[in-house]
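Computed from a prediction, not measured in an experiment: that's the story for all the values here.
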Amino acid sequence: MGAAPRMLLVLSENWTLTGGRADLPTAVRWAREAEDAGFDSVMVSEHIVLGPDAGAAGLMGNPRDYALPGNQDPYTPWPNSLLLLAAIASVTERLRLAAAAVLAPLRHPLLMARELGTLDLISEGRLLVQPTVSWSKDEYDALGVPFADRGRLLDEHLAVWAKAWGPSPISHDSEHYPFRDVYFEPKAYRPEGPRLWFGGQRLHGPVLRRLVRHGHGYHPLGRPTPQDVEALREAMAAAGRDIAELEMIGGTRAVFPDDHSPADLGAALASLPEQLEQGFTTFCVKPNQFIDDPDGVGAFCKEVMRRVAALTG
């Protein structure tokens with residue numbers, strides 16, 4: 001079946017296991033335990049603030065589920081993802097650090113490049129970044145950023161980041177972020193900067209374009225359709241790239257028996273062989289979907305690795 005699957009532990013949205021304030025060191029411990037168990041990576045997502053539109057579509061039934069546009073309580077904790085990943089970098093050695101859903105348009109691209117580049121240096125090249133525009137107009141309004149411009153702002157971020165990783169001085173002419181002859185030092189760990197993932201609910205035009213031009217990984221929200229994968233393959237080929245260059249990120253599908261109970265791990269992992277056959281190599285798992293003991297995450301990670309080896313070995 002090829003190379004062994006790489007497992008990624010999702011550290012965001014585990015608040016049925018731990019609170020969002022004093023228990024952040026617990027998430028750092030979980031990352032260290034995941035590395036010890038053989039996991040490849042951990043992931044932390046972000047919001048800066050939430051507004052009423054966070055729950056506009058109705059709150060999720062089971063609080064262990066993933067946060068989606070409009071399904072979460074505005075009181076949901078979202079600590080700073082890059083600071084948390086920096087703490088994790090300091091206590092791990094090989095674990096890759098995925099900064100997912102980085103809401104780039106809510107910062108200036110030079111500031112964002114500085115934060116990402118510094119974390120990449122601290123971790124010696126272990127940083128993965130998934131920049132996105134997100135869905136919450138309330139969040140953009142609170143920070144004074146035009147919601148309608150978010151796609152254009154993200155594209156400018158990507159252009160500025162590419163310049164920042166190159167030789168200084170750098171300049172950028174644009175409506176939103178013009179600057180001339182600035183020196184950006186130190187750079188990121190790699191000459192081309194951190195690895196970039198792109199994804200979302202749909203593989204529509206802007207996401208596909210960014211993925212083909214800048215991407216090192218494809219991380220869809222949910223299972224992509226065969227048509228999406230074929231569209232990606234064709235777009236990569238048209239740009240002179242091979243889809244095999246991309247890290248394909250899949251996941252586990254938790255089915256909850258009710259709104260109060262965790263899901264069955266074996267059933268959630270059952271689709272991994274099929275996803276491997278489709279070309280996916282890295283798989284996300286969120287511990288609170290399957291266990292309720294915050295002191296059991298290390299054992300949970302070992303059990304995941306045991307079951308994955310049995311399924312795919």
Quick check: closest heavy atoms across Glu13 and Lys286, and the distance to 0.1 Å?
O-NZ, 3.0 Å

Could you see if Leu8 belongs to whatever hydrophobic cluster contains Leu97? Use Ile, Leu, Val, Met, Phe, Trp, Tyr and a side-chain cutoff under 4.5 Å.
no

Taking atom CZ of Arg107 as the centre, report whether more than 12 heavy atoms of other residues, nucleotides or ligands fall under 6.0 Å from it.
yes

Quick one: does Asn14's side chain have a donor or acceptor within less than 3.5 Å of a partner on Asn288's backbone?
yes

So, Asp149 side chain and Pro146 main chain: donor-acceptor pair closer than 3.5 Å or not?
no

Could you tell me which non-hydrogen atom of Gln72 sits nearest to which non-hydrogen atom of Ala67, and how far apart they are?
NE2-CB, 3.7 Å

Is there a side-chain contact between Phe39 and Val304 (heavy atoms, below 4.5 Å)?
yes

Under a 4.0 Å N-O cut-off, is there an ion pair linking Arg29 with Asp295?
yes

Can you check whether Phe179's main-chain N or O pairs, donor with acceptor, with His172's side chain at less than 3.5 Å?
no

Evaluate the side chain to side chain contact (heavy atoms under 4.5 Å, CB included) criterion for residues Arg64 and Asp292: first the C-alpha distance (whole Å), next the side-chain angles of each, then the deciding distance (0.1 Å), finally the verdict.
CA-CA 10 Å; Arg64 297 168 179 81; Asp292 285 330; 3.0 Å; yes

Could you walk me through whether Leu85 and Val42 pass the side chain to side chain contact (heavy atoms under 4.5 Å, CB included) test, one step at a time?
CA-CA 9 Å; Leu85 288 171; Val42 294; 4.3 Å; yes

Glu245 meets the side chain to side chain donor-acceptor pair (under 3.5 Å) criterion, sequence neighbours left out, with Arg241

Side chain of His219, backbone of Trp197: donor and acceptor closer than 3.5 Å?
no

Do the side chain of Thr118 and the main chain of Glu115 share a donor and acceptor less than 3.5 angstrom apart?
no

Check: Asp264 side chain, Ala267 main-chain N or O, donor-acceptor pair, under 3.5 Å
yes

Does some side-chain heavy atom of Val308 sit less than 4.5 Å from a side-chain heavy atom of Phe283?
no

Ion pair present between Arg32 and Glu35, side-chain N to carboxylate O less than 4.0 angstrom?
no

Answer yes when Glu274 and Arg253 have at least one side-chain N-carboxylate O distance shorter than 4.0 Å, and no when they do not.
no

What I want to find out is whether Arg94 reaches Asp40 closely enough, with some N-O distance under 4.0 Å, to be called a salt bridge.
no

Validation row: Lys137, Asp53 side chains within 4.5 angstrom (heavy atoms):
yes

Is there a continuous path of hydrophobic side-chain contacts, each under 4.5 Å between heavy atoms, that joins Leu221 to Met248?
no

Going by heavy atoms in the side chains, are Asp242 and Met236 under 4.5 Å from each other?
no

Using the six-membered ring wherever Trp is involved, compare the ring planes of Phe184 and Trp165 and label them parallel, tilted or perpendicular (cut-offs 30° and 60°).
perpendicular

Closer than 4.0 angstrom, basic N to acidic O: yes or no for Glu156 and Arg152?
no

Same apolar cluster (I L V M F W Y, side chains within < 4.5 Å links), Leu128/Val102:
no

Checking Leu246 against Leu232 for the side chain to side chain contact (heavy atoms under 4.5 Å, CB included) test, could you report, in this order, the C-alpha distance in whole Å, the side-chain angles of both residues, the deciding distance, and whether it holds?
CA-CA 10 Å; Leu246 295 176; Leu232 176 57; 3.9 Å; yes

Any donor-acceptor N/O pair, Arg114 side chain to Glu185 backbone, under 3.5 Å:
yes

Would Glu247 and Arg195 pass as an ion pair if we require N to O under 4.0 Å?
no

Pair Leu158, Leu196 - check side chain to side chain contact (heavy atoms under 4.5 Å, CB included), show working.
CA-CA 10 Å; Leu158 296 172; Leu196 297 179; 4.2 Å; yes

Between Phe256 and Gln289 the two heavy atoms that sit nearest each other are CE2-O, 3.6 Å

Please answer whether the main-chain N or O of Ser261 pairs with a side-chain N or O of Asn62 as donor and acceptor at a distance below 3.5 Å.
yes

Do the side chain of Thr252 and the main chain of Cys284 share a donor and acceptor less than 3.5 angstrom apart?
yes

Is the backbone of Tyr66 close enough, under 3.5 Å, to the side chain of Asn71 for a donor and an acceptor to pair up by distance?
yes

Pair Ser168-Lys187, side-chain donor/acceptor within less than 3.5 Å:
yes

May I ask whether Leu208 and Ile243 are part of the same hydrophobic cluster, defined by side-chain heavy atoms of I, L, V, M, F, W, Y residues being less than 4.5 angstrom apart, directly or through others?
yes

Determine whether Ser90 and Ile122 make a side-chain contact, defined as any pair of heavy atoms from C-beta on separated by less than 4.5 Å.
no

What closest approach, in Å, do Trp78 and Ser12 show between heavy atoms, and which atom pair accounts for it?
CZ3-CB, 4.1 Å

According to the interplanar angle, ranging from 0 to 90°, do the rings of His214 and Phe198 count as parallel (below 30°), tilted (30 to 60°) or perpendicular (above 60°)?
tilted

Min side-chain heavy-atom separation Leu203-Pro220 under 4.5 Å
no

If you take all heavy atoms of Asp120 and Arg190, which pair is closest and at what distance?
OD2-N, 3.9 Å

Evaluate the side-chain proximity of Arg210 to Asp155: yes if any heavy-atom separation is below 4.5 Å, no if none is.
yes

Using side-chain heavy atoms (C-beta onward) and a distance below 4.5 Å, is Leu110 in contact with Ile170?
yes

Salt-bridge present (Glu139, Arg150; N to O < 4.0 Å):
no

Separation of Phe147 CZ from Trp135 CH2 (nearest 0.5 Å):
9.0 Å

Pro109 to Trp161 - nearest heavy-atom pair and separation
O-NE1, 3.4 Å

